[in-house]
Amino acid sequence: MTHLPLSADLIAEANARHADALDEDYTALGRKLARTGIDIDAVLGRVASFSVAVPSWGAGRGGTRFAKFPIPGEPTNIHEKLEDCAVINQLSRVTPRVSPHFPWDKVSDFAALREEAAALGLGWDAVNSNTFQDQPGQAHTYANGSLSAQDAATRQQAVEHNIECIEIGKQLGSTDLTVWVGDGTNFPGQQDFARSLDRYLDAASQVYAALPDDWRMLLEHKMFEPAFYSTVISDWGSSILAAQELGPKAKCLVDLGHHAPNVNIEQIVARLHRFGKLGGFHFNDSKYGDDDLDSGSINPHQLFLVFNELVEAELNPRDGFNPSYMIDQSHNVTDPIESMLSSAEAITGCFAKALLVDRDALHAAQESNDTMMAFQALRRAYSIDVAPILAKARVAAGGAIDVLEAYRLSQYRARKAQERKAVGLGAGIV
Ligand code: RM4
Ligand code: MN
Ligand code: MN
């Protein structure tokens, strides 16, 4: 029996005020698309089956490395985070899974946690390990690395933590382990590049060996931070080499903020797919580095181009096509629920626009070296306002036409501010 946090009547009442306008807009867009041979209901069907996971850690105001400015009603534990994630899914109907992070989300009874999520209409996505921070009482520090540390006992501890995450994930019903390590150096000469990678591969292969048959290990690369001179898995090259060495269950995860500025991420997506190693995404946006800003807030065109490659990849599955989609954001100045609602809409919108690309026209232009028409095939799809398709998909599933309006009408955060204890100050997450 599911029990969702917001009143269905409130959502229905808010929707009723927009229903006629939405019907008009959807019909008009349907006519426009029909002129180019696109069936809007078919696109609606694809959009309705799209989903993206939300990160448990994104439900709080993560802050920056410098400060955290908590808001009243912010969640203080995984139970409250789940409730907030259920609000996001109830309104958007596109975020039915939560990606947990351990030990942050540790509880004593994971079977009960799984049921608790199910009662909120939520399942579980990839489990994320954390060997980038020391925990109280931990035997060996990660100050000098984790899976790649010089010290064998530290590496062993990091391996065991990842295996524990797999065990937890089994209880939750996850099938992916995402591994991001902060390992790297801050000074030239600090570590030998080759030997640190050897140590990482050796330790990662022990984690890999513990994966159940239907599990994947998603390797997340990141160019810098907290290591600012070099990181062990710094880029997609290191990531794919590691994934190839580990084996078929190891894939690469692309966090959009983990590259040098202006890197062609959509091409990386195509490359990873070409070699059967595209495992998943952490969606966010950035201006400078790993800014973890809201998806599509800085460079929505890049997000569209990424989805254009994903749609192309799906049509040419080569060794299969099954990337996990997750949001990975840190919210400093907004209500995290509002940010994730807005991001989920931006992500789904780019997927919908990518579906509208006239692939025959694009491929014909590519074949005949007609650069302008190839570009226009993308530009035409990018300029279409797909909001009516997204809203129709949400309403049909019980969500809100205007997600932010319904959320504000619900006064959810103000109610939680009465019930929840206050979050302490302090620095945020990386
Ligand atoms: C890292 C990376 C990981 C996330 C942590 C919190 O920069 O993006 O995915 O687990 O931040
Ligand atoms: Mn990430
Ligand atoms: Mn990051």
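These numbers come from a predicted model, not from an experiment. In each ligand, atom 1 is the first atom listed, and ligand 1 is the first ligand listed. The figures that follow rest on heavy atoms only: side chains count, while hydrogens, waters and symmetry mates do not.
- For Phe307 and Phe283, the ring centers are positioned less than 6.0 Å apart.
- Taking 4.0 Å as the cut-off between side-chain N and carboxylate O, Arg408 and Asp402 do not count as a salt-bridged pair.
- Using a 4.0 Å cut-off between heavy atoms, His101 contacts ligand 1 through its side chain alone, with no backbone atom that close.
- No salt bridge links Lys421 with Glu80; every basic N to acidic carboxylate O contact stays at or beyond 4.0 Å.
- Close N/O approach between Glu220 and ligand 1 is found [any backbone or side-chain N/O within under 3.5 Å].
- Near His282, meaning under 4.0 Å from any of its heavy atoms, are these atoms of ligand 1: 9 (O).
- Contact annotation: for Asp290 versus ligand 1, heavy atoms closer than 4.0 Å belong to the side chain alone.
- Under the 4.0 Å criterion applied to side-chain N and carboxylate O atoms, Asp358 and Arg380 are not assigned as salt-bridge partners.
- Listed by atom number, the atoms of ligand 1 under 4.0 Å from His258 heavy atoms are 2 (C), 7 (O), 8 (O).
- Within ligand 1, counting atoms from 1 as listed, the ones closer than 4.0 Å to a heavy atom of Asp255 are 8 (O).
- His101 and Trp57 have their aromatic ring centers within a separation under 6.0 angstrom.
- When heavy-atom distances to ligand 1 are checked against a 4.0 Å cut-off, Asp328 comes that close only through its side chain, counted from C-beta outward.
- In this structure, Arg413 does not pair ionically with Glu74, as no charged nitrogen and carboxylate oxygen lie closer than 4.0 Å.
- Distance check for Asp255 against the Mn ion (ligand 2): an N/O/S atom falls below 2.8 Å.
- Draw a line from the Mn ion (ligand 2) to OE2 of Glu220 and another to ND1 of His282, and the angle between them is 90° (to 10°).
- At under 3.5 Å, not a single nitrogen or oxygen of Trp57, backbone or side chain, sits near a nitrogen or oxygen of ligand 1.
- Residue Asp328: an N/O/S atom is found under 2.8 Å from the Mn ion (ligand 2).
- Looking only at N/O/S atoms, Asp290 comes nearest to the Mn ion (ligand 3) through OD2.
- Ligand 1 lies out of reach of Glu225, whose nearest heavy atom is not under 4.0 Å from it.
- Defined by atom type and a distance below 3.5 Å, a donor-acceptor pair is missing between the side-chain atoms of His282 and His258.
- Side-chain atoms of Ser148 and Arg195 form no donor-acceptor pair, as typed in the model, at a separation below 3.5 Å.
- The six-membered or imidazole ring of Phe102 lies near that of Phe110, with a centre-to-centre distance under 6.0 Å.
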